[in-house]
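Each remark here refers to the structure printed beneath this line.
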Amino acid sequence: MAQLAPHSSEIRALHAEVVLVSFGTEHWARMWLQETGSPFRILLDPERQAYHAYGLKSSVLRSWAPPNIGYYAKAALQGRERYGRRGDPHQLGGDFIIDRRGFVRLAHPSSNPTDRPSVELLLHTLASLT
């Protein structure tokens with residue numbers, strides 16, 4: 001979600017809201033929000049009901065596949081911020097756009113921890129709903 005933060009004013013202009021869902025604790029959620037400076041609201045789902053409802057998986061193999069290890073190694077070498085292990089590192093996330101009537105307009109369950117749709121796709125999808 002860090003890639004969306006610089007676009008928060010565009011998202012608001014489209015009358016949309018980004019809501020993050022995490023299975024973590026309130027302590028780690030607050031810490032993550034503080035560390036990242038994320039302008040978005042976060043909801044906690046410790047039982048992972050939303051994760052299950054949206055078909056999101058947990059996978060050791062996909063979490064630690066060579067491309068992901070390479071991604072994290074490159075981030076470490078570049079000195080990019082790493083926030084440490086918090087919770088289940090094997091839980092795969094996803095990105096969803098849900099319209100005002102509750103219809104899913106974009107569903108992107110992540111195939112690995114770094115798999116996210118482009119900001120352009122998300123903004124385009126939001127713009128198509130107005």
Side-chain angles (χ1 to χ4, degrees):
M1 288 287 106
Q3 73 273 20
L4 277 180
H7 301 276
S8 60
S9 60
E10 292 171 71
I11 293 166
R12 278 193 304 276
L14 293 167
H15 305 289
E17 179 181 8
V18 173
V19 178
L20 310 172
V21 178
S22 173
F23 57 83
T25 66
E26 184 176 346
H27 169 78
W28 289 119
R30 285 184 189 200
M31 184 171 278
W32 184 86
L33 288 171
Q34 182 179 10
E35 289 172 343
T36 63
S38 175
F40 306 124
R41 190 164 54 125
I42 189 166
L43 301 177
L44 298 179
D45 179 21
E47 282 79 38
R48 301 181 204 194
Q49 293 176 354
Y51 286 81
H52 297 300
Y54 285 95
L56 300 176
K57 306 291 182 197
S58 181
S59 173
V60 173
L61 291 177
R62 287 194 268 165
S63 295
W64 297 107
N68 295 322
I69 293 170
Y71 171 85
Y72 292 116
K74 182 178 178 183
L77 290 172
Q78 292 175 341
R80 283 191 266 152
E81 190 73 36
R82 295 181 315 279
Y83 299 107
R85 181 175 175 212
R86 298 176 186 165
D88 180 357
H90 309 127
Q91 177 65 56
L92 299 172
D95 296 85
F96 300 86
I97 293 179
I98 303 161
D99 71 15
R100 291 182 177 142
R101 295 175 302 197
F103 293 106
V104 176
R105 299 302 183 155
L106 180 136
H108 184 94
S110 298
S111 63
N112 65 63
T114 62
D115 176 32
R116 295 287 186 221
S118 70
V119 171
E120 293 76 22
L121 175 62
L122 296 171
L123 293 174
H124 175 76
T125 304
L126 289 173
S128 73
L129 299 177
T130 58

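Everything quoted here is computed from the prediction, not taken from an experiment. Throughout, residue positions are numbered sequentially from 1 according to the sequence presented.
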Report, as yes or no, whether the 6.0 Å neighbourhood of atom [atom1] on [X] holds more than 12 heavy atoms from other residues, nucleotides or ligands.
X      : atom1 : answer
Glu26  : CD    : no
Arg105 : CZ    : yes
Gln34  : CD    : no

Shortest non-hydrogen contact from [X] to [Y]?
X      : Y      : value
Val21  : Ala50  : CG1-CB, 4.3 Å
Asp115 : Ser110 : O-OG, 2.7 Å
Phe40  : Ser8   : CE2-CB, 4.0 Å
Leu20  : Ser38  : CD1-OG, 4.0 Å
Phe96  : Leu56  : CZ-CD2, 3.9 Å
Ala127 : Leu14  : CA-CD2, 3.8 Å

To the nearest 0.5 Å, what is the distance between [atom1] ([X]) and [atom2] ([Y])?
X      : Y      : atom1 : atom2 : result
Leu126 : Asp99  : CG    : CG    : 11.0 Å
Arg101 : Leu129 : CZ    : CG    : 9.0 Å
Ser22  : Trp28  : OG    : CH2   : 11.5 Å

Side-chain contact, heavy-atom cut-off 4.5 Å: [X] with [Y]?
X     : Y     : value
Ile42 : Val19 : no
Phe23 : Leu44 : no
Tyr54 : Ile98 : yes

Notebook entry, point to check: Do side-chain atoms of Gln91 reach the backbone of Lys57 as a donor and acceptor pair under 3.5 angstrom?
Noted result: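 A pair under 3.5 Å: yes.
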Note to self: Under the criterion side-chain contact (heavy atoms from CB on, under 4.5 Å), I'd like the reasoning laid out for Val104 against Ile97: C-alpha separation, chi angles, the key distance, then a yes or no.
What the structure shows: CA-CA 6 Å; Val104 176; Ile97 293 179; over 6 Å; no
Next item on the list: Show your working on side-chain contact (heavy atoms from CB on, under 4.5 Å) between His15 and Arg100 and close with a plain yes or no.
Entry: CA-CA 10 Å; His15 305 289; Arg100 291 182 177 142; 3.3 Å; yes
Note to self: Pair Leu123, His7 - check side-chain contact (heavy atoms from CB on, under 4.5 Å), show working.
What the structure shows: CA-CA 9 Å; Leu123 293 174; His7 301 276; 3.9 Å; yes
Item checked: Gln3 versus Arg116, side-chain donor and acceptor atoms under 3.5 Å ->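 Result is no, nothing qualifies.
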Next item on the list: Start with the C-alpha gap between Leu121 and Leu106, add the side-chain angles, then the distance that decides, and say whether side-chain contact (heavy atoms from CB on, under 4.5 Å) holds.
Entry: CA-CA 9 Å; Leu121 175 62; Leu106 180 136; 3.8 Å; yes
